[in-house]
Amino acid sequence: MACDLWPGIRLHVVTGKGGTGKTTVASALALALATGGHRVLLVEVEGRQGIAQLFDVPPLPYTETRVAVAPRHGEVIAQAIDPEEAVVDYLRMFYNIKRASTALRKMGAIDFATTIAPGLRDVLVTGKTGESVRRREGGRYVWDTVVMDAPPTGRITRFLNVNTEVGSLTRVGPIKNQADSVMRVIRSPETAVHLVTLLEEMPVQETLDGITELRQAGLPVGSVFINMQHPEELPEEALTATEPVAPAEIHSGLLTAGVTPPTPELVGALAREAADHAVRVRLQRRERERLEAIDVPRIDLPLLDGVDLGGVYELAESIVQQGPR
Amino acid sequence: MTSGHRAPHLDVDELLLSPSTRIIVCCGSGGVGKTTTAAAMGLRAAELGRSVVVLTIDPARRLAQSMGLTHLDNTPRSVPDTHGEGSLDAMMLDMKRTFDELVEAHSDPQRAAQVLENPFYQALSSSFAGTQEYMAMEKLGQLRHQSDAEDLWDLIVVDTPPSRSALDFLDAPNRLGSFLDGRFIRVLTGPAKGASRGIGRLVGVGLGLAASVLNRVLGTQLLSDLSTFVAALDSIFGGFRQRADETYQILQAPGTAFVVVAAPEPDAIREATYFVDRLTTENMPLAGLVLNRVTLPPKHSLSLEEALVAAERLEAEGEHPTTSALLRMHADTMRTASRQRHVADRFTAAHPGVKQVVVPALADDVHDLTGLREIGALLADHLTT
């Protein structure tokens, strides 16, 4: 049955620049989507085992493994798609060939398909995911929705645009057919490509560039997840002032609070902290304006003091509050 | 600011000034500030008197502009407005152009044209996940060669691509090399010209079956394009593996220093750990770890508990709301600093011999030479975990 959040979407692709917390957001999104009793498949495609570390479970196998229970009876099942396994799987599914796998592996053909052959690896990985999205049992979809922890923003368009990549190599044949069928899933209105960013110059720039590229390629842009936002902790007039908090105010405040003696060094250190905070807040606001200038929905996520499993649930709750219904 | 473990100090100025340091490779996972670190080291070395070239992979726009890199032309350009006697050149890697030039330099025009037009070559040179890593190392080799021949630079600082994993760029040349020298390629290129006949000559039931699978799955056109491509490349390079080996030797040479950059977060530290272990296993010269963007407790300040007590008292009395907010903010800073130190300590405990330098987090992005100079000074500062 359709999820409560993003009800029309059956495949969520999560991308983001390195260091923006892509895997964490993908995991939190999967938990948020599962909330309320849904079955969500969370797919890892880059072999980093980041999901296993986040959920504190042993390294994920190629087979689907339950990693978390969501609030109100949902569950998240995770899977690490290993390209080598995907080749063998592909050959088995479409050609009913098992015996040749060993020979192909010995020749280096599997290695070729997974590491060198441009686009082939991506077709296999996205193909496997597409198969999960469409899989039915007893007339119902096996997964209410699928979340993919995808490659970083710089590579996402190329990764998803498999049939263009493969099309430059082969215009007919089974690989091309497979690419076409994957593209039908990815281009459909049931797919959303989300971008994770921080409110810093480079991640925001990559996000804006990424959105332009995705749109040019006709790929469906979902939401921008603004991760690790520093809270604005000082009053507005302090944040915009050249000297956010006057040393005299800090001195008098510390005296009232019973901190004695408020040495000039201590006052100076706190004044500098206030100034640094104001600089960071102004940077965040500047970068936020750039994101607001484009027509893409945003989800705001707070900075956590270190990400552990509890933190993932906290982010999931935040997504539940903000996600479209 | 030490708890439990104390790492030996990485003296960045000593590294930058030592004439025996010829190449510095900055590596680490994505988003830890590798490019900025490489640029800051290059600028500092130049301003301390060395002739430096910095090879960046994918710099932030404003960082690139600050170094005078306004367009991608694959050639080192002089960075204006540096101080002192030394010189600083900088360049951005153009992956496809580097590959094209490699092909053109090693073949006659006709054969080069044949390769450049091949769809496999086009895909490989622009999208294969390891190509950027491979070309970065190729460019490094070229710069080293050019430097020796023309007596241009005495220090080359290289940034590494934002790989999936920090290890990719060490593996890419070998992976590409072993693939191109491998059995699969021998099968495709075969004794006869043309894919289908090459495959037809295979003996052995397993391989025969594999060949028929290849034909069914890939189709003959694709196989024939591939074999043409490989045959042409193979004759051009006379063995990719040899080239990959040469690159590897440059990296292992005593004049090279690897600097691993990491942020004090579990993921980045994990990648840094893999990297340090790998460099050690491969006998690569590791200079040390730059622990970047660290939240440090300000000197002369209140502890976490003192700050919270003071904030609560102000809130109870309903006075000085701004100072009270500031005290809570300070408490958060102290909490973050303590968590980050814990993460960094685990690295130190596992690698007690690896030298480290701590670079504090800055509030704003770096986007000019002054900012880079500031990072350089912080790198050279004597902060240790």
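Every chain is numbered from 1, with letters handed out A, B, ... down the list of sequences. Computed from a predicted structure; not experimentally measured.
The NE2 atom of A:H230 lies 11.0 Å from the CE atom of B:M329; values are rounded to the nearest 0.5 Å. From A:I250, atom CD1 reaches atom CG of B:L327 across 8.5 Å, with rounding to the nearest 0.5 Å. Between the CG atom of A:L266 and the OG atom of B:S301 there is a distance of 5.5 Å, given to the nearest 0.5 Å.
Across A:A269 and B:P298, no two heavy atoms sit closer than the pair CB-CB, 4.2 Å. Taking every heavy atom of both residues into account, B:A310 and A:V259 meet most closely at CB-CG2, 3.8 Å. Scanning both residues, A:D305 and B:R335, for their nearest heavy atoms gives OD2-CG, 3.6 Å.
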Practice item. Start with the C-alpha gap between A:V307 and B:D267, add the side-chain angles, then the distance that decides, and say whether side-chain contact (heavy atoms from CB on, under 4.5 Å) holds. Key: CA-CA 10 Å; A:V307 176; B:D267 278 353; over 6 Å; no

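Under the 4.0 Å criterion applied to side-chain N and carboxylate O atoms, B:D364 and A:R280 are not assigned as salt-bridge partners.
Residue contact with chain B, scored on non-hydrogen atoms closer than 4.5 Å, involves the backbone and the side chain of A:S252 alike. For B:D332, the part sitting under 4.5 Å from any heavy atom of chain A is the side chain, from C-beta outward, and nothing else. For A:Q205, the part lying under 4.5 angstrom from a heavy atom of chain B is the side chain only. A:D308 does not touch chain B: none of its heavy atoms, backbone or side chain, sits under 4.5 Å away. Using a 4.5 Å cut-off between heavy atoms, A:Q53 contacts chain B through its side chain alone, with no backbone atom that close. Of the two parts of A:L283, only the side chain, counted from C-beta on, holds a non-hydrogen atom closer than 4.5 Å to a non-hydrogen atom of chain B.
Taking 4.5 Å as the heavy-atom cut-off, the residues of residues 319-326 of chain B that approach chain A are B:E319, B:H320, B:T322, B:T323, B:A325, B:L326, ordered by number.
Note on A:G19, A:G18, A:A257: by heavy-atom pairs under 4.5 Å with chain B, the leading option is A:A257.
In this structure, B:L362 and A:V279 have side chains that are not in contact, with every pair of non-hydrogen atoms separated by 4.5 Å or more.
For residues 266-277 of chain A, the pairs satisfying side-chain hydrogen bond (donor to acceptor under 3.5 Å, both in side chains) are A:E273-B:H330, A:E273-B:T333, with sequence neighbours left out.
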